[in-house]
> 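Got a structure for you, questions after.
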Amino acid sequence: MASGGYGDPSQKIDYVFKLVLIGDSGVGKSQILSRYARNEFSMDSKATIGVEFQTRTLVMDHKSVKAQIWDTAGQERYRAVTSAYYRGAVGAMLVYDVTRRQTFDHIPRWLEELRGHADKNIVIILIGNKSDLEDQRAISMEDAKEFAEKEGLFFLETSALNAVNVETAFSTVLTEIFNIVNKKNLVAGEGQGNGDAASLAGKKINIVPGPAQVIPTKNRLCCNS
Ligand SMILES: Nc1nc2c(ncn2[C@@H]2O[C@H](COP(=O)(O)OP(=O)(O)OP(=O)(O)O)[C@@H](O)[C@H]2O)c(=O)[nH]1
């Protein structure tokens, strides 16, 4: 359903959806984002310090949607203020590394943090990254899928290196958000016309109105904790 390239600054925007990337240090969050937003990958990626975000604009059902994707440090000491990071997020990508069991074992903790700080109806996808390293695999796809089903999460394995499933992971989350928001707008009908807010499954959640917000394609924010 989703289509779109890497951004046309003159384009009119109907919705901005904020997504957050979370997971342990080194699982590949920054490279997943880089692959999605710029179709780039780097082997000597530096650990993220503070918060960064990048955007990509897509067309969904004749509406233009700007995905504003936030990336923060997996390392505790480099993390920015948690509540600010999650504020207004309507989607989350929860990432582990298929070659490091510990990063999968920490997923429940990340989920707890997410559920403690984000909107309770946030759309979440569990991502097992580095699927290209099949010979070093430590987590089976079945175990991860079972966990995701139990927790009500979408699930995909990706390779930021080989560009496998990165597009699909983002479009899965964005399509789900778009469908929820669109449905709500239809049900709400006239009279409730609050253009800058929408609901995800009955709970009010802020969707940043399009044209009011101009976001550079790559933006570095401050905020060391
Ligand atoms: N083989 C392989 N390596 C990857 C993949 N994605 C990321 N990497 C490598 O894994 C390392 C860590 O990637 P990052 O994207 O910096 O990890 P991060 O989760 O953002 O780390 P923090 O910023 O510390 O939280 C880098 O050397 C990447 O090149 C992948 O899909 N396959």
Side-chain angles (χ1 to χ4, degrees), residues 6 18-56 67-86 89 91-114 117-118 124-141 143-145 147-148 153-173 217-225:
Y6 297 96
K18 175 177 173 180
L19 309 185
V20 291
L21 279 156
I22 50 174
D24 282 6
S25 180
V27 296
K29 299 180 295 298
S30 300
Q31 291 312 307
I32 288 173
L33 177 52
S34 171
R35 173 63 73 196
Y36 182 67
R38 291 181 279 131
N39 199 19
E40 288 173 9
F41 179 86
S42 158
M43 258 305 175
D44 65 343
S45 179
K46 307 262 180 315
T48 304
I49 296 179
V51 181
E52 299 176 5
F53 71 81
Q54 294 188 47
T55 65
R56 182 168 153 187
Q68 182 193 76
I69 306 141
W70 295 52
D71 177 23
T72 191
Q75 289 181 55
E76 192 66 44
R77 66 192 160 128
Y78 292 146
R79 298 199 68 208
V81 184
T82 311
S83 50
Y85 187 66
Y86 291 113
M93 334 281 290
L94 191 47
V95 188
Y96 67 94
D97 175 343
V98 299
T99 72
R100 285 193 293 143
R101 169 153 288 278
Q102 204 186 34
T103 67
F104 181 72
D105 291 343
H106 287 163
I107 289 291
R109 278 197 230 164
W110 286 109
L111 206 47
E112 203 178 306
E113 178 175 296
L114 185 60
H117 289 88
I124 309 170
I125 186 167
L126 176 68
I127 294 180
N129 189 42
K130 309 195 187 180
S131 63
D132 53 285
L133 299 175
E134 187 56 46
D135 54 340
Q136 295 171 42
R137 176 186 286 278
I139 309 295
S140 74
M141 208 192 272
D143 284 357
K145 207 182 270 179
F147 175 83
L153 319 173
F154 288 103
F155 167 68
L156 272 177
E157 285 193 351
T158 61
S159 168
L161 170 65
N162 290 344
V164 172
N165 274 345
V166 173
E167 282 284 329
T168 314
F170 281 95
S171 73
T172 299
V173 171
T217 44
K218 179 159 169 68
N219 202 340
R220 228 163 232 277
L221 300 180
C222 60
C223 324
N224 291 327
S225 52

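Just follow the structure's listing: the first ligand is 1, and inside any ligand the first atom is 1.
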> With heavy atoms only and a cut-off of under 4.0 Å, state how V27 meets ligand 1: side chain, backbone, both or neither.
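Looking at V27 and ligand 1, atoms from backbone and side chain both fall under 4.0 Å.
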
> With respect to D71, determine whether any N or O atom, backbone or side chain, lies less than 3.5 Å from an N or O atom of ligand 1.
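Among all N and O atoms of D71, none is under 3.5 Å from an N or O of ligand 1.
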
> Just to verify, what does S140 make a side-chain contact (heavy atoms from CB on, under 4.5 Å) with, not counting sequence neighbours?
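With sequence neighbours excluded, S140 shows a side-chain contact (heavy atoms from CB on, under 4.5 Å) to E142, D143, given in chain and number order.
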
> Under 4.0 Å from a heavy atom of D24: which atoms of ligand 1 are those, numbered in the order shown and with their elements?
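Going through ligand 1 atom by atom, the ones under 4.0 Å from D24 are 19 (O).
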
> Using a 4.0 Å heavy-atom cut-off, say whether A73 meets ligand 1 through its side chain, its backbone, both or neither.
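Backbone only.
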
> I'd like to check whether Q75 has a polar contact with ligand 1, where a contact means an N/O of the residue lying under 3.5 Å from an N/O of the ligand.
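No.
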
> When you compare ligand 1 with S45, is there at least one nitrogen or oxygen pair between them that comes in under 3.5 angstrom?
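S45 vs ligand 1: N/O contact under 3.5 Å present.
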
> Considering both backbone and side-chain atoms of K29, is one of its nitrogen or oxygen atoms within less than 3.5 Å of a nitrogen or oxygen in ligand 1?
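The answer is yes, given that K29 and ligand 1 share an N or O pair closer than 3.5 Å.
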
> Heavy-atom distances under 4.0 Å are what count here, so tell me which part of S42 touches ligand 1: side chain, backbone, both or neither.
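For S42, only backbone atoms sit under 4.0 Å from ligand 1.
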
> Below 4.0 angstrom, N of the basic side chain to O of the carboxylate: do E134 and R137 qualify?
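R137 and E134: salt-bridged.
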
> Go through ligand 1 atom by atom and flag the ones less than 4.0 Å from a non-hydrogen atom of D132.
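It comes down to these atoms of ligand 1: 1 (N), 2 (C), 30 (C), 31 (O), 32 (N).
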
> Who are the side chain to side chain donor-acceptor pair (under 3.5 Å) partners of T168, not counting sequence neighbours?
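Listed in chain order: nothing, the list is empty.
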
> For ligand 1, is any non-hydrogen atom under 4.0 Å from N129's backbone (N, CA, C, O), its side chain (CB onward), both, or neither?
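Looking at N129 and ligand 1, just side chain atoms fall under 4.0 Å.
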
> Would G28 count as being in polar contact with ligand 1, using the rule that some N or O on each side must be under 3.5 angstrom apart?
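Checking ligand 1 against G28, an N or O pair does fall under 3.5 Å apart.
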
> Side chain to side chain contact (heavy atoms under 4.5 Å, CB included) between M141 and V98: does it pass, once the steps are laid out?
CA-CA 9 Å; M141 208 192 272; V98 299; over 6 Å; no

> Taking distance alone, with no angle check, do F41 and ligand 1 share an N/O pair under 3.5 Å?
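N/O-N/O distance below 3.5 Å does not exist for this pair.
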
> Please find the pair of heavy atoms, one from I139 and one from A144, that lie closest to each other, and give the distance.
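I139 and A144 have their closest heavy atoms at CG2-CB, 4.4 Å.
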
> Quick test of your reading of the structure: of E157, M43, Q136, K46, whose heavy atom lies closest to atom 26 (C) of ligand 1?
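That would be M43.
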
> Quick check for you: to the nearest 0.5 Å, what is the distance between L114 atom CG and I22 atom CD1?
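It is 4.5 Å, given to the nearest 0.5 Å.
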
> Quick one: nearest non-hydrogen protein atom to atom 23 (O) of ligand 1, plus distance?
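The closest one turns out to be T48 N, 2.7 Å.
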
> What I want to know is whether L161 and ligand 1 share at least one N or O pair that is separated by under 3.5 angstrom.
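In this structure, L161 places an N or O atom under 3.5 Å from an N or O of ligand 1.
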
> Show the nearest heavy-atom pair for residues Q75 and A47, with the distance to one decimal.
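Result for this residue pair: NE2-CB, 3.7 Å.
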
> Looking at NE2 of H106 and OG of S25, how far apart are the two atoms once the value is rounded to the nearest 0.5 Å?
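Answer rounded to 0.5 Å: 12.0 Å.
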
> Output yes when the distance from some N or O of ligand 1 to some N or O of G74 is under 3.5 Å, and no in every other case.
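There is such a contact, yes.
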
> Against heavy atoms of A160, which atoms of ligand 1 measure under 4.0 Å?
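Listed by number with element, the hits are 6 (N), 30 (C), 31 (O).
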
> Do any nitrogen or oxygen atoms of L133 come within less than 3.5 Å of a nitrogen or oxygen of ligand 1?
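Min N/O separation from ligand 1 is not below 3.5 Å for L133.
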
> With no hydrogens and no angle check, just 3.5 Å: does a side-chain donor-acceptor pair link S30 and S45?
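Absent: no donor and acceptor within the cut-off.
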
> Which heavy-atom pair separates D24 from K29 by the least distance, and what is that distance?
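Answer, listing the atom of D24 first, then K29: O-NZ, 2.9 Å.
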
> Distance under 4.0 Å to a non-hydrogen atom of S159: what atoms of ligand 1 satisfy this?
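The list of qualifying atoms is 31 (O).
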
> Specify whether F104 and Y96 have parallel, tilted or perpendicular ring planes, treating 30° as the upper limit for parallel and 60° as the lower limit for perpendicular.
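Ring orientation, 0 to 90° scale: perpendicular.
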
> Will you find, in the side chains of Y86 and E113, an N or O donor that is under 3.5 Å from an N or O acceptor?
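Per modelled atom types, Y86 and E113 side chains form a pair under 3.5 Å.
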
> Side-chain contact, heavy-atom cut-off 4.5 Å: R101 with T103?
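No - every pair of side-chain heavy atoms lies 4.5 Å or more apart.
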
> At their closest point, which heavy atom of T72 faces which heavy atom of Y85, and how far apart are they?
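Taking every non-hydrogen atom into account, N-OH, 3.3 Å.
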
> Find all atoms of ligand 1 within a distance of less than 4.0 Å from any non-hydrogen atom belonging to A47, and give their numbers and elements.
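Here the atoms of ligand 1 in question are 23 (O), 24 (O).
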
> Any idea which protein heavy atom is nearest atom 12 (C) of ligand 1, and the distance to it?
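In this structure, atom 12 (C) of ligand 1 has G26 O, 3.5 Å as its nearest protein heavy atom.
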
> Specify the protein heavy atom at minimum distance from atom 24 (O) of ligand 1: its residue, its atom name, and the distance to 0.1 Å.
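Protein heavy atom with the smallest distance to atom 24 (O) of ligand 1: S25 OG, 2.6 Å.
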
> Identify which of R35, Q31, K130 has a heavy atom lying nearest to atom 11 (C) of ligand 1.
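Considering heavy atoms of R35, Q31, K130, the nearest to atom 11 (C) of ligand 1 sits in K130.
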
